[in-house]
There are 2 protein chains.
Amino acid sequence: MDQLEIFKALSNKSRLQILAWLKEPEKYFPPQEHADFHEVGVCVGQIQQKCGLTQSTVSEYLGILMKAGLLQSTRIGQWTYYKRNEKAFEALSDLVKSTL
Amino acid sequence: MDQLEIFKALSNKSRLQILAWLKEPEKYFPPQEHADFHEVGVCVGQIQQKCGLTQSTVSEYLGILMKAGLLQSTRIGQWTYYKRNEKAFEALSDLVKSTL
DNA sequence: AATGTATATCGATTTTTCCCGATATCCCAA
DNA sequence: TTGGGATATCGGGAAAAATCGATATACATT
């Protein structure tokens, strides 16, 4: 749990937006063909479409959120699905409350 | 409570360090002449000495933490004292837990 | 009023982040 | 085994942040 890395990951409008979308995937994304939102999350392409950023940027941003521990990913076939790691958010909340 | 602004303010090693010091002033700072730690906090000069950054940088950083709502300041004579706004940290913790 | 001390602001330079296009990799289907 | 689609990585240009020195402001003392 690297505080600084986490806060840096959260210091970007688009990345915050992605996290918000991933909180309620069924609300923000069309149904997916190959996987279930709640099991594995949302694939990169769908996230990219909503972002309006390029594929490479979105992929990089998802990587940043991953490295910070805020997302987890699952590869299924040609798709990589990302979902929130809710435990990390709880841990972050606790960290802010007690040690920050 | 501007999420993005808060996370940006927290995205810097020195600023995180300052917040940690201000959490327990009596532990990290020598006694002050003109004011009490718990009432008003610590003056800029003392913070600067521990930081090893220039006066202008520290002043700016304190300003950034202020604007984000994480610190409050009190001017007494020629000194400006800064202390943590603990309510902001609680609010941030809640935000991370519930809405982030 | 003049001086000294504490802090804030300004302008400039270096470093980091943002974000892109191009390309590489990985996987599936024909 | 070749072609296409999905994602990751690479290299770079533009924008923002970090950090400094110099200067301005604000206050206290003489």
Side-chain angles (χ1 to χ4, degrees), chain A residues 2-19 22 29-35 37 40-68 70-83, chain B residues 2-19 22 29-35 37 40-68 70-83:
Chain A
D2 180 344
Q3 287 183 58
L4 186 55
E5 186 174 23
I6 291 175
F7 291 132
K8 282 186 179 179
L10 295 173
S11 294
N12 176 281
K13 213 172 193 170
S14 301
R15 291 194 294 267
L16 288 178
Q17 180 66 82
I18 290 170
L19 290 174
L22 291 181
F29 296 97
Q32 296 184 127
E33 310 267 306
H34 302 277
F37 282 145
V40 297
V42 183
C43 72
V44 180
Q46 295 209 3
I47 297 170
Q48 192 228 318
Q49 286 189 312
K50 280 196 78 71
C51 276
L53 295 171
T54 62
Q55 186 274 321
S56 61
T57 299
V58 172
S59 179
E60 186 185 349
Y61 281 8
L62 293 170
I64 289 171
L65 292 167
M66 274 285 288
K67 270 200 69 190
L70 298 170
L71 295 183
Q72 20 188 170
S73 70
T74 312
R75 181 100 196 191
I76 298 180
Q78 22 188 179
W79 294 275
T80 308
Y81 295 87
Y82 286 91
K83 73 168 177 177
Chain B
D2 179 343
Q3 288 184 56
L4 187 55
E5 187 174 23
I6 291 175
F7 291 132
K8 282 187 177 176
L10 295 173
S11 294
N12 177 282
K13 213 172 194 171
S14 301
R15 290 195 294 267
L16 288 178
Q17 180 66 83
I18 290 170
L19 289 174
L22 290 182
F29 296 97
Q32 296 185 127
E33 311 266 305
H34 303 277
F37 283 146
V40 298
V42 183
C43 72
V44 180
Q46 297 210 0
I47 297 170
Q48 192 230 318
Q49 285 189 312
K50 281 195 79 70
C51 278
L53 296 170
T54 60
Q55 188 274 321
S56 62
T57 299
V58 172
S59 178
E60 188 184 348
Y61 281 9
L62 292 170
I64 289 171
L65 292 167
M66 273 285 289
K67 270 199 69 189
L70 299 169
L71 295 183
Q72 20 187 172
S73 70
T74 312
R75 181 102 197 189
I76 298 180
Q78 21 188 179
W79 294 275
T80 308
Y81 295 88
Y82 286 91
K83 73 169 178 178

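Reminder, nothing fancy here: chain letters follow the sequence lines and each chain counts from 1. Because the structure is predicted, anything quoted here is derived from the model rather than measured.
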Base D/dT7 to side chain A/Gln78, donor-acceptor N/O within 3.5 Å cut-off: no
- Taking atom types as they are modelled, is there a donor-acceptor pair under 3.5 Å from the base of D/dG21 to the side chain of B/Ser56? yes
Practice prompt. Verify, without hydrogens or angle tests, whether B/Gln48 (side chain) and B/Leu53 (backbone) share a donor-acceptor contact under 3.5 angstrom.
Written response: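 It does hold such a pair.
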Write down the distance between [atom1] ([X]) and [atom2] ([N]), rounded to a whole number of angstrom.
X	N	atom1	atom2	value
B/Ile47	C/dA6	CD1	P	14 Å
B/Lys67	C/dT9	NZ	P	11 Å
B/Glu60	D/dC20	CD	P	11 Å
B/Gln49	C/dT7	CD	P	10 Å
B/Leu4	C/dC18	CG	C1'	13 Å
B/Lys13	C/dT15	NZ	P	16 Å
A/Gln32	D/dG5	CD	P	19 Å

Should the pair B/Phe29 and B/Phe37 be assigned to parallel (<30°), tilted (30 to 60°) or perpendicular (>60°) ring geometry? tilted
Which heavy atom in [X] sits nearest to a heavy atom in [Y], and how many Å separate them?
X	Y	answer
B/Tyr81	B/Gly41	CD2-O, 3.8 Å
B/Leu4	A/Asn12	CD1-N, 3.4 Å
B/Leu65	B/Ala9	CD2-O, 4.0 Å
A/Gln32	A/Cys43	OE1-N, 3.1 Å

Closest to the [X] side chain: [options]?
X	options	value
B/Arg75	C/dC20, D/dT7, C/dT7	C/dT7
A/Gln55	C/dC19, D/dT7, D/dT19	D/dT7
A/Thr54	D/dA8, D/dA17, C/dG21	C/dG21
A/Arg15	C/dA8, C/dC18, D/dC20	C/dC18
A/Ser59	D/dA18, D/dA17, D/dT9	D/dT9
B/Leu53	D/dT7, C/dA8, D/dT19	D/dT19

According to a strict under-4.0 Å criterion, is [X] in side-chain N/O contact with OP1 or OP2 of [N]?
X	N	value
A/Asn12	C/dC18	yes
B/Tyr82	C/dA8	yes
A/Tyr61	C/dC19	yes
A/Thr57	C/dC20	yes

Taking any heavy-atom pair under 4.0 Å as a contact, classify A/Tyr81: base, sugar-phosphate, or nothing.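 No contact.
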Between A/Gly45 and B/Ile76, whichever has its closest DNA chain D nucleotide further toward 5' is A/Gly45
